[in-house]
4 protein chains.
Amino acid sequence: MKDKIMKESIDLFDSKGFSKTTIQDIVDNIGVTKGTFYYYFESKQELLRDIHLSFIENLLHQQEEIINDKNLNNKEKLYKLVYIIISEIKTSGKSARVFNREIRHLEKDHIDNVNSKRREFRLNFQKVIDEGIREGEFRNDLRSDIVTFAILGMVNRSYSWYNPDGEMSEDEIVNLYMELILNGLTK
Amino acid sequence: MKDKIMKESIDLFDSKGFSKTTIQDIVDNIGVTKGTFYYYFESKQELLRDIHLSFIENLLHQQEEIINDKNLNNKEKLYKLVYIIISEIKTSGKSARVFNREIRHLEKDHIDNVNSKRREFRLNFQKVIDEGIREGEFRNDLRSDIVTFAILGMVNRSYSWYNPDGEMSEDEIVNLYMELILNGLTK
Amino acid sequence: MKDKIMKESIDLFDSKGFSKTTIQDIVDNIGVTKGTFYYYFESKQELLRDIHLSFIENLLHQQEEIINDKNLNNKEKLYKLVYIIISEIKTSGKSARVFNREIRHLEKDHIDNVNSKRREFRLNFQKVIDEGIREGEFRNDLRSDIVTFAILGMVNRSYSWYNPDGEMSEDEIVNLYMELILNGLTK
Amino acid sequence: MKDKIMKESIDLFDSKGFSKTTIQDIVDNIGVTKGTFYYYFESKQELLRDIHLSFIENLLHQQEEIINDKNLNNKEKLYKLVYIIISEIKTSGKSARVFNREIRHLEKDHIDNVNSKRREFRLNFQKVIDEGIREGEFRNDLRSDIVTFAILGMVNRSYSWYNPDGEMSEDEIVNLYMELILNGLTK
DNA sequence: CATGAATGAGCATTCATTCAT
DNA sequence: TATGAATGAATGCTCATTCAT
């Protein structure tokens, strides 16, 4: 039931937004009553936090595997890090959109854990950049923190326009991003 | 008074978010009453739309000047297009954040004009990329529409972390972005 | 201007009802501003009272002429009394509807005069019935007060269905009413 | 609780009128909170519609029994049809007043069903008149639709002056009405 | 005469949350 | 586990009215 509620909530948060979605909406779509919701969640905030945590924790697990893979150089790691974001958008577009859009509606008491994991996700990214600079794979004249913000901004934002059922496959998207990131636009 | 209300609203939408900001909050901070608000705006939605329109129209005007400047090649134009976004974040960070975050709270009846102008803004960007490809300034093996989404995602997102009072100037940011966009990360 | 306001108000009260009609509606339709309204009327209540007074006073004047006409017997007077009501509905249907419908929205401070004139109107009617009974024109086994209520209920209510542009003329309506009132339905 | 709310609302709509009665008034008089009201009714409009429906449906049921009674001729039916209106005013005067006065406050989305039933009520009335004409009980030189409007106007309007605790019983009222309707005022 | 800005009290409605059963 | 009735605080919005100009 808890999963059912989360799944339905993601659907509704995606289509109507967090603040326009009522607990009533959620339970109506499942066919239960509000009491049931409050048996599984203490509050709407807790639900939103759980959705965020579940999403970011999944990403972190995938990240870890890549980062710890000794067979990959940093360019390859970077490729794979980008890949998991796009892949997640493809397979769980709704979750990805909720994750990216509704973060602001998480309030004080429920945001700490989420924020620290988002931060961790970003720093993992940056670590690969730093490592690549040290290894001579990447140029060393650009601040890695800003580069990380730049790449994440670019890639994450795909949730807003990328249509998995459209003409571009996830591979094509990732390849284009990597070309741009690694070699730039100049002819 | 209308301007005063808009200014105060932007402040509050930035700090508390659109849905958590009440009309009462807004007028209390100005020292007038709710009636006054509704004398100048028909609804909270209209206010949000006006904020969006005012922001995007300003950007469009700046874009036009750059695009029509015959003395600039496309690399230079691209540079300047990126610059106005960062510059706007620096001088009107609150507006920029509201513009980027609260778009989802604009509902059916008030979104049309805003959406078409946002689209126009993006297509102007793409036009420069296309032109640069045609002129041989940019490589021709990357889809310009996706490249545009990529660059805009990267640059726009700066609102979320760029602190104008911090150690990096807007020039430095833009230069870093342009290096990455034009030449890439590879050593 | 005062007349213009009253005329427009009657239109709006007729179509939207008193409580749903705002002062703004009224002045918008005339092309002036609210200040103008309050220059001519102290309040919405006063406006409503003036509309009522003007309507009932007009009826009372017509009544008087008939009642004082020494050439008419009481059947003829009754006929004419009914006639003026229908005639008023025909020529000033909107006023008649407002007069009959919105009386309840007249509050304490503005109702006295109106009520006493409505009462006078009814009692004038009853006087003719009484006189007719005394003169032997009408049967004497029916209470004249209730008969008056009955006739007035029947005739006044015409405002709700009588369409002056329809197939029945006012004469035909009045004749039918008088037949019913005087001779009844029995074959 | 729903019944309690309806009952209290009828009281208040009768004494203060629909538009002057607030939801707060209603719930205060019952000793619950506004939330409770909206648990049972979607809107003030829905409440008003339910009040109307409940009143008219009750009348329709009573009508049906009379109309289908094969032991009654049309004069007798007419008598009984008038009787139920007066009887309803006597036992449920408040409902009757609300029903007759506040119909105009029912708006578009909530009026359809009510209007069609009011119409049905009137047409049932007319059917008896028509039948009586065909059977030779009533004269055939008066339009039955107008006669119906006339009788209903006369009888319904009793809500505005008939005091059930006064000197006249409902039988006396109905008898007077029937005398007038059937035999007229002429001596 | 007329305007337009401002008021303030009020109102219907919403909705997350509680809790006895 | 789940329900359904009830809460209460909040919220966007309305509108008759005032008043300085």
Side-chain angles (χ1 to χ4, degrees), chain A residues 1-2 5 18-28 30-48 105 107, chain B residues 1-2 4-5 18-28 30-48 107, chain C residues 1-2 5 18-28 30-48 105 107, chain D residues 1-2 4-5 18-28 30-48 107:
Chain A
M1 176 56 60
K2 197 164 183 172
I5 294 177
F18 175 77
S19 40
K20 283 265 165 190
T21 301
T22 68
I23 306 296
Q24 196 66 57
D25 288 335
I26 296 167
V27 297
D28 280 355
I30 302 183
V32 294
T33 56
K34 280 195 276 200
T36 304
F37 176 89
Y38 282 96
Y39 180 80
Y40 291 102
F41 295 93
E42 281 196 342
S43 65
K44 203 183 172 188
Q45 281 290 311
E46 189 184 290
L47 164 64
L48 184 58
H105 287 115
E107 291 165 27
Chain B
M1 176 54 61
K2 198 164 181 170
K4 222 165 157 186
I5 294 176
F18 176 76
S19 39
K20 282 267 165 191
T21 300
T22 69
I23 306 296
Q24 196 63 57
D25 287 337
I26 297 168
V27 296
D28 281 353
I30 302 182
V32 294
T33 57
K34 273 191 285 199
T36 302
F37 176 89
Y38 283 97
Y39 182 76
Y40 291 100
F41 295 92
E42 283 197 343
S43 65
K44 203 183 171 188
Q45 281 289 312
E46 189 183 290
L47 164 64
L48 184 58
E107 291 164 28
Chain C
M1 176 57 59
K2 198 164 180 170
I5 293 176
F18 175 76
S19 39
K20 283 265 166 191
T21 301
T22 68
I23 306 296
Q24 196 66 58
D25 287 336
I26 296 168
V27 297
D28 281 354
I30 301 182
V32 295
T33 56
K34 278 192 279 199
T36 305
F37 176 89
Y38 281 95
Y39 181 80
Y40 291 103
F41 295 92
E42 280 196 343
S43 65
K44 202 182 172 189
Q45 282 289 312
E46 189 184 290
L47 164 64
L48 184 58
H105 287 116
E107 292 165 27
Chain D
M1 175 56 61
K2 197 164 183 172
K4 222 166 159 184
I5 293 176
F18 175 77
S19 40
K20 283 265 167 192
T21 300
T22 68
I23 306 297
Q24 196 65 58
D25 287 337
I26 296 168
V27 296
D28 280 355
I30 302 182
V32 293
T33 57
K34 275 193 282 201
T36 303
F37 176 89
Y38 283 96
Y39 183 77
Y40 291 101
F41 295 92
E42 283 196 343
S43 65
K44 204 182 170 188
Q45 281 289 313
E46 188 183 290
L47 164 64
L48 184 59
E107 292 165 28

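Letters A, B, ... are given to chains in the order of the sequence lines, protein chains preceding strands, and every chain is numbered from 1.
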S.K.: Nearest whole angstrom, please: distance from the C1' of F:dC13 to the CD of B:E46.
M.R.: 13 Å
S.K.: When you measure from the centre of the six-membered ring of C:Y38, is the NZ or CZ of C:K44 under 6.0 Å away and within 45° of the axis?
M.R.: no
S.K.: Roughly how many Å is it from CZ in A:F41 to P in E:dC15, rounded to a whole number?
M.R.: 20 Å
S.K.: List the residues meeting side chain to side chain contact (heavy atoms under 4.5 Å, CB included) with C:T33, not counting sequence neighbours, and say none if there are none.
M.R.: C:T36
S.K.: Whole-Å distance between F:dT21 C1' and C:Y39 OH?
M.R.: 15 Å
S.K.: Rounding to an integer number of Å, can you tell me how far C:I30 CD1 sits from E:dC1 P?
M.R.: 15 Å
S.K.: Rounded to whole Å, please give me the gap between NZ in B:K20 and P in F:dA9.
M.R.: 16 Å
S.K.: Do C:E107 side-chain atoms and C:Q45 backbone N/O form a donor-acceptor pair below 3.5 Å?
M.R.: no
S.K.: Whole angstrom is fine here: how far is it from CE in A:M1 over to C1' in F:dT3?
M.R.: 13 Å
S.K.: When you measure from the side chain of C:D25 to the backbone of C:T22, do you find a donor-acceptor pair of N or O atoms at a distance under 3.5 Å?
M.R.: yes
S.K.: Tell me the interatomic distance from B:Y40, atom OH, to F:dG12, atom P, rounded to whole angstroms.
M.R.: 20 Å
S.K.: With rounding to whole Å, what would you report as the distance between F:dT21 and E:dC1 at their P atoms?
M.R.: 22 Å
S.K.: Does A:E42 use its side chain to pair, donor to acceptor, with the backbone of A:L47 at less than 3.5 Å?
M.R.: no
S.K.: Tell me whether B:Q24 contacts the main-chain N or O of B:K34 through its side chain, where contact means a donor paired with an acceptor under 3.5 Å.
M.R.: no
S.K.: Does the side chain of A:S19 come within less than 4.5 Å of B:K20's, by heavy atoms?
M.R.: no
S.K.: Would you mind telling me which of E:dT7, F:dA2, E:dA2 lies closest to the side-chain atoms of B:T33?
M.R.: E:dT7
S.K.: Compare all side-chain heavy atoms of B:F37 with those of B:K2 and state whether any distance is below 4.5 angstrom.
M.R.: no
S.K.: Using every non-hydrogen atom in the two residues, find where D:E46 and D:Y40 come nearest and quote the distance to one decimal.
M.R.: OE2-O, 4.0 Å
S.K.: What stems involve DNA chain E, if each pair must be Watson-Crick or G-U and both of its distances must be under 3.5 Å, with 3 or more such pairs in a row?
M.R.: E:2-21 with F:2-21
S.K.: Find the distance A:K2:NZ to F:dT1:C1' and express it as a whole number of Å.
M.R.: 14 Å
S.K.: Can you pull every protein N or O that's under 3.5 Å from an N or O on nucleotides 16-18 of chain E?
M.R.:
{"unit_1": "E:dA16", "atom_1": "OP1", "unit_2": "A:K44", "atom_2": "NZ", "d": "3.2"}
{"unit_1": "E:dA16", "atom_1": "OP2", "unit_2": "A:I23", "atom_2": "N", "d": "2.9"}
{"unit_1": "E:dT17", "atom_1": "OP2", "unit_2": "A:Y38", "atom_2": "OH", "d": "2.9"}
{"unit_1": "E:dT17", "atom_1": "OP2", "unit_2": "A:K44", "atom_2": "N", "d": "2.9"}
{"unit_1": "E:dT17", "atom_1": "O4", "unit_2": "A:K34", "atom_2": "NZ", "d": "3.1"}

